[in-house]
Amino acid sequence: MASLRISTINKKLLNQTLTLNGWVRTRRGSKGISFIQLYDGSNQDGIQAVADQELENYAEISKLTTGASVSIRGRLVESPAKGQAFEIQAEEVKIIGTSSGEQYPLQKKGHTLEFLREIAHLRPRTNTLGAVFRIRNTLSWAIHSFFQERNFLYVQTPIITANDAEGAGEMFHVTALELESLPRNAQGKVDYEKDFFGTDVSLTVSGQLGAEVFALAFTDVYTFGPTFRAENSNTSRHLAEFWMIEPEMAFTDLQQMLVLTEEFLKYVIGVCLERHEEELLFLQKMYEPDLLETLKHIHQTQFETLSYTEAIDILQKSGESFEYPVKWGVDLQSEHERFLTEKHLKKPINLIDYPTEIKAFYMKQNTDGKTVAAMDVLFPRLGEIVGGSQREDALEALSDRMKQHGLQQEKYDWYLDLRRFGSVPHSGFGLGFERLVQFVTGMKNIRDVIPFPRVPGNAKF
Ligand code: ATP
Ligand code: MN
């Protein structure tokens, strides 16, 4: 019989003979019986197989250690043991690959997350990373599903680019030049005309500008791809390589986007609540005592919209002593964001209309002349989870803003064309995928929710 995945086992299969492939999580022996906890990555706990000494290779079975790979054939029966519905009465245990006992770095005892990062090639087999990556997989599916159900076009924007969409200059250069002998131009600068693309290029920090091009042809689009930032931020929320979801919607203003963003966040969280109770209960027990409560709260609560100006007022009157002082015009820090969402309103917040000075060049100028139609969605525990805006769709206003930001107009002429030919109000946001995974799993460090984290000083694996 073909092998089955453990997660698909159900009552209907009782008393049938099944074949299961997987790895030994643990094995303990007692009076001529071995209890093997078998895991194939498809569910949180795996399943117990019971092998007794009647089996012809029992001598080998009784020496199985954590990490060995096996194929087990046996009958599915109700389990007498507590905490598990079924177990397998093994009729055959084929040993496929042994695991050299003591040397296997993942022993039964719990390991710290820091240690697991050093063995990132083996940590996917742990129950923590198992839970995280099954949830990550579901979130990624749910994101596509949400947008596809609403007729959004999935567009893949380039990874190598000559644009700095955020204008922050924190980019990784890409070159095919010989670094040991760089060609120089008359001014003594590196001569990028001799480089592969004839100009200097980098890894993208955002797919937004390309997404705007497509939104003005397909109305509703989204990107979901890797982005790169050479920011030297050694924090638990920053990676040098991370994935970003960027929807972009034509004929959509800020208010309409707020509605969609709330629906989107509730949808993807709702799917996880529905499908991953086991994983969430495990992560709650291990890492974040309020995990399920917070997720359910967000799923059920109507988000509150607040302007930046109102938020500053609330913060100033709060009587809290913040590390970073608050006054109109400053960028909000995560301590401010968390105060607003965790203590003051106790719900998710759409914070809108930020001062022009602290936001990117492409955001729509409001009529007050001081603020732009930006929005950040603030979540408890995290602060900002989503950042977005209505885009400046007026040619002259955009061109002025680009001049103020010192952007070379020639380089962005194609972007200005979108405002010359059939310009429409349009809006979009960016959501860091790993920040979302972090929020849903309750993991404290972003390095534990991506397969192989790229951070300052480390690109191992
Ligand atoms: P932060 O202030 O946290 O550095 P940002 O303002 O630089 O974020 P944006 O430029 O608005 O972030 O990027 C959009 C989204 O991408 C953010 O809301 C966040 O979810 C995510 N993000 C940004 N930088 C990183 C990073 N280095 N690692 C992981 N996710 C990131
Ligand atoms: Mn940043």
Side-chain angles (χ1 to χ4, degrees), residues 132 136 139-140 143 157 161 163-172 202-212 222-248 257 261 264-265 268-269 308 324 330-338 341 348-352 354-355 357-363 372-391 405 427-441 443-459:
V132 167
R136 183 177 165 118
L139 279 170
S140 142
I143 287 162
T157 49
T161 176
N163 312 313
D164 181 356
E166 292 303 313
E170 292 169 325
M171 302 181 84
F172 289 101
S202 305
L203 295 178
T204 188
V205 293
S206 156
Q208 182 195 318
L209 304 190
E212 282 187 58
Y222 68 106
T223 70
F224 185 176
T227 45
F228 307 85
R229 297 197 183 175
E231 50 188 352
N232 207 347
S233 306
N234 246 312
T235 77
S236 57
R237 311 188 306 141
H238 288 90
L239 292 163
E241 175 181 296
F242 62 99
W243 287 64
M244 186 132 77
I245 297 110
E246 295 177 277
E248 192 70 38
M257 178 166 68
T261 312
F264 166 76
L265 290 167
V268 298
I269 289 172
Y308 169 91
Y324 294 88
V330 301
D331 210 354
L332 294 185
Q333 302 293 326
S334 112
E335 56 171 344
H336 308 132
E337 297 171 343
R338 292 186 59 173
T341 165
I349 299 176
N350 301 316
L351 202 57
I352 61 167
Y354 282 75
E357 301 301 317
I358 59 172
K359 288 291 183 185
F361 71 91
Y362 50 70
M363 297 189 179
V372 284
M375 69 136 189
D376 278 3
V377 180
L378 312 183
F379 268 13
R381 226 169 59 218
L382 201 68
E384 172 190 340
I385 184 157
V386 163
S389 70
Q390 185 170 337
R391 317 308 189 186
H405 275 81
S427 303
F429 67 75
L431 164 65
F433 184 48
E434 285 74 18
R435 296 264 177 100
L436 176 67
V437 181
Q438 233 188 318
F439 184 77
V440 174
T441 58
M443 297 305 283
K444 304 273 180 304
N445 196 312
I446 198 164
R447 299 170 197 208
D448 300 324
V449 305
I450 188 162
F452 305 107
R454 269 70 180 107
V455 293
N458 193 356

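Each ligand, and each atom within it, is numbered from 1 in the order the structure gives. Hydrogens, waters and symmetry mates play no part in the numbers below; they use all other heavy atoms, side chains included.
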Q. Where does Ile385 meet ligand 1, judged by heavy-atom distances below 4.0 Å: at the side chain, the backbone, both, or neither?
A. backbone
Q. Are the side chain of Arg229 and the backbone N or O of Val205 linked by a donor-acceptor pair below 3.5 Å?
A. yes
**Q.** pair Tyr222-Phe264: side-chain heavy atoms closer than 4.5 Å
**A.** no
Q) Which of the numbered atoms in ligand 1 are below 4.0 angstrom from a heavy atom of Glu231? A) 24 (N), 26 (C), 27 (N)
Q) What part of Arg237, side chain from CB on, backbone N/CA/C/O, both or neither, has a heavy atom under 4.0 Å from ligand 1? A) both
Q: Please say whether more than 12 non-hydrogen atoms of neighbouring residues, nucleotides or ligands are located less than 6.0 Å from CD in Glu357.
A: no
Q: Decide whether an N or O pair under 3.5 Å exists between Gly432 and ligand 1.
A: yes
Q.
Quick check on contacts: which atoms of ligand 1 are under 4.0 angstrom from a heavy atom of Met244?
A. 14 (C), 15 (C), 16 (O)
Q. Side chains of Glu212 and Gln208: do they bring a donor and an acceptor to under 3.5 Å?
A. yes
Q) Which atoms form the tightest heavy-atom contact between Phe242 and Glu434, and what is the distance? A) CB-OE1, 3.3 Å
Q.
Does any N or O of ligand 1 fall below 3.5 Å from an N or O anywhere on Ile446, backbone included?
A. no
Q.
Please report the interatomic distance CZ(Phe172) to CZ(Arg454), rounded to the nearest 0.5 Å.
A. 10.5 Å
Q) Relative to atom 4 (O) of ligand 1, which among Glu246, Glu384, Gln438, His238 owns the nearest non-hydrogen atom? A) His238
